[in-house]
Amino acid sequence: MLGDSLTQDLSSTTQQMMEILARYLNPSLVWIGAFKAEDDSVSILSLAGPRREVAVKTKIYIGTGGFDGSVHNALENIVAQYMPLLGDNSYSGWPISDDVIFHASLSVPYRSLSGDKGIIVFFLPKKFDLVSPNHTLWMHLADDFAVFLERHKKALDINRISGYQLAIADLLNDILKVKELQAAYDLVLLLLTSRVAAYGAWIVACPEQKDDVSSYVLITSKGCMPEISLKYWLEKPGAVRQWLHEVIERMRYRGCAFVDEVRADARLETWRDSEPIMNKTSVIGAWPLWGDTGLQAILFISSNDSDYFSNNLQVFLYQLTEILHIANQQIHIKADIRRRNLLYQALLDEADVVLKTKTERPLLEEVCRGLVGSKLFDAAWLTRPRDDGSLSILAHVSSVSLDRNESVGRMITADLERSLVGCVWETGQALFPSLTPRKEAAPNTNTPVALLPVLRSAKLWSVLVVRSQLTEYLSEDVAGLLQRVASLLGRGLDEMDLKQKLADEQIRQSWLASHDPLTGLTNRRGLETYFFHAILRAQRNRTSLAVLLIDLDDFKPVNDTYGHEAGDQLLVRVAGALQDAIRNTDFLVRLGGDEFVILLEGLHKTDDLLPVLDNIYKAVVTPFMLEAEIKASVGCSAGLTLYPEDSATPDGLLRHADEALYVAKRNKQSRSQYWVNYLDILAAEKND
């Protein structure tokens with residue numbers, strides 16, 4: 001039951017577990033609770049049994065007055081406790097005086113690897129054939145539930161990460177269609193409140209002047225925080241405005257996001273006490289939204305869960321703000337293009353060319369073709385100097401027929417000295433020789449030409465050159481038009497680059513959805529698809545498939561001694577060593593933390609597996625040299641199972657390998673090999 005409940009709600013799983021225990025063991029009452037360190041209490045999560053009505057309290061305090069109680073003793077000693085209920089301080093005030101029905105309690109403590117702990121308690125009648133409290137059965141029950149808690153937490157994290165990546169992919173697709181920044185903000189806030197379970201989300205514009213506390217403007221909001229209420233508190237002088245001002249100053253000074261606990265800030269507590277909707281708010285996070293000129297706005301997210309801002313969520317929020325920054329740039333570029341399009345429409349159709357052309361080379365050629373097609377110019381080209389002083393021609397269009405033996409390069413060199421292009425390249429300034437007196441640095445020319453710098457990503461990228469038959473064609477009006485065309489071309493190239501960045505980001509997010517960003521290995525989500533194909537291949541080829549789950553031993557001391565950066569380096573090195581140790585037909589996955597899964601295919605007999613297992617062990621235990629001359633070494637434990645001998649589903653095979661891993665780690669001091677076969681465990685249980 002626990003194995004199939006990893007993605008279900010925890011309360012329904014614990015209730016189902018209590019119902020099963022009540023049905024098969026028939027106690028008067030059975031309940032499960034979780035220890036809360038903040039108030040030294042145990043909260044009852046679920047209960048079952050024919051006399052559940054005696055549970056008149058939802059919390060059992062094990063501090064003052066509860067030191068002699070069975071709940072305190074079980075949690076303190078981490079062993080099952082059998083104790084008479086009469087006089088048990090844990091249940092002061094409970095109607096359990098009937099000694100026949102409520103004779104004694106059996107309290108079984110549990111503790112997960114991450115430190116969560118709690119207790120499972122059975123109320124037993126006087127005549128009850130009880131297995132000894134010291135029997136390993138009770139510890140097995142506690143250990144199974146502790147393992148479930150860890151796996152349930154990991155499963156939820158994986159689901160959240162997958163959900164975050166899908167949300168990012170959807171946002172990238174939608175945000176490309178918006179034309180205003182307000183619409184982009186609304187998309188992000190809707191995503192936060194509908195798909196990431198934020199209690200409320202809002203965006204506040206930052207004033208240009210640091211001390212201007214009078215111009216805090218609420219741009220938009222979503223969720224359970226009404227916009228009218230937010231505006232009132234943000235505009236009203238007092239504690240909330242003081243907090244907001246400090247947030248903006250901290251953001252400007254530190255330049256990074258942060259999270260404030262409501263109960264830790266007197267000003268936020270004032271807000272919570274004065275506003276009923278704020279009563280449910282535990283934390284408020286603030287994320288900067290940067291513009292080209294600095295801090296533009298701040299994204300606020302509130303939650304009623306004090307643990308809401310997990311590391312994964314903070315990475316997700318950072319990605320959101322980066323996408324907003326890119327969208328902001330894109331929207332400004334599009335706005336500039338639309339404004340300029342109105343100016344150019346009467347004289348030239350260059351704006352349509354820039355907006356419609358999707359790739360660089362056709363765009364350059366169409367710009368030159370449009371200029372020549374205006375009948376003002378007989379040639380247009382884009383060029384830039386090479387290191388050897390010659391000119392590189394990026395695009396060229398001419399209305400003058402060229403002799404077959406005359407190259408474009410020679411024609412341009414004949415009409416225009418290279419030094420004229422070089423002057424624009426050095427100064428970044430446009431040159432109109434027929435309109436302005438010759439400068440000392442600019443060579444003279446008798447040809448009616450104009451040279452304009454084209455910027456790409458705010459850097460000089462090329463020089464647009466046009467040539468006319470008549471000097472009068474290069475008037476002031478035409479010069480202004482040419483400068484706008486060069487600017488439009490630069491912005492078109494910028495937008496093209498921006499779209500490519502967004503496309504690359506979509507590809508990267510798609511990759512992250514199925515890969516581990518640290519090691520580059522496939523993650524659990526990518527494993528799911530591969531697993532089914534591996535099973536189908538094993539069925540078709542009538543071979544065995546080994547599922548090996550590896551956990552590194554003594555990895556934590558590396559982190560504690562040398563730091564998490566060294567730990568990450570070690571994980572990358574171990575992943576590389578494992579990849580080198582396995583065969584080309586094998587598949588390596590990082591589940592998370594220091595756990596790896598290897599699918600070993602094409603096994604015709606068990607002996608085929610042993611050399612690979614030996615290579616894997618040698619690859620892991622061989623010491624690794626990390627940066628800063630750190631020499632680190634770890635061991636490993638592993639659990640495996642074989643398909644089709646083990647005919648479970650992919651999830652079942654992983655679960656069985658995990659159970660074998662648990663046995664391997666538990667017997668680490670006495671085992672003869674680092675791995676345990678789940679099938680051997682089954683065989684031993686049958687013999688017993």
task = Decide side chain to side chain contact (heavy atoms under 4.5 Å, CB included) for Q15 and I32; before the verdict, give the C-alpha distance in whole Å, the side-chain angles of both, and the deciding distance to 0.1 Å.
result = CA-CA 9 Å; Q15 183 60 42; I32 186 169; over 6 Å; no
query = Around F532, counting heavy atoms of other residues, nucleotides and ligands shown, do more than 12 lie under 6.0 Å from its CZ?
reply = no
message = Under a 3.5 Å cutoff, is there a donor and acceptor pairing between the side chains of T519 and D516?
response = yes
query = Any luck finding a side-chain donor-acceptor pair between H515 and N523 under 3.5 Å?
reply = no
inquiry  = Do the side chains of R52 and E19 get close enough for a salt bridge, i.e. N-O under 4.0 angstrom?
reply    = yes
inquiry  = As a quick check of understanding, evaluate side chain to side chain donor-acceptor pair (under 3.5 Å) for Y199 and D305, giving each step before the final call.
reply    = CA-CA 9 Å; Y199 183 67; D305 180 3; over 6 Å; no
request  = Look at the rings of Y678 and H656 and say which category their plane angle falls in: under 30° parallel, 30 to 60° tilted, over 60° perpendicular.
outcome  = parallel
query = CD1/I284 to CG/D265 distance, rounded to the nearest 0.5 angstrom?
reply = 9.0 Å
ask   = Taking NZ, NE, NH1 and NH2 as the nitrogens, is one of them in R671 or D553 under 4.0 Å from a carboxylate oxygen of the other?
value = yes
request  = Show the numbers, then the answer: is there a side chain to side chain contact (heavy atoms under 4.5 Å, CB included) between I96 and I101?
outcome  = CA-CA 8 Å; I96 54 175; I101 299 174; over 6 Å; no
ask   = If you measure only the distance, is there a donor-acceptor pair under 3.5 Å linking the side chains of S70 and D88?
value = yes
Ion pair E595/R590, N-O distance below 4.0 Å = no
request  = Assign the ring pair F123 / Y91 to parallel, tilted or perpendicular, where the plane angle (0 to 90°) is split at 30° and 60°.
outcome  = perpendicular
ask   = In Å and rounded to the nearest 0.5 Å, what is the CZ to CD1 distance from F35 to I119?
value = 11.0 Å
query = Would R195 and D170 pass as an ion pair if we require N to O under 4.0 Å?
reply = yes
ask   = Relative to each other, are the rings of W287 and F309 parallel, tilted or perpendicular (30° and 60° limits)?
value = parallel
task = Find out whether the Lys NZ or Arg CZ of R51 is both under 6.0 angstrom from the six-membered ring centre of F122 and within 45° of the ring's axis.
result = no
key: Exercise: do S282 and E261 side chains pair donor with acceptor under 3.5 Å   = no
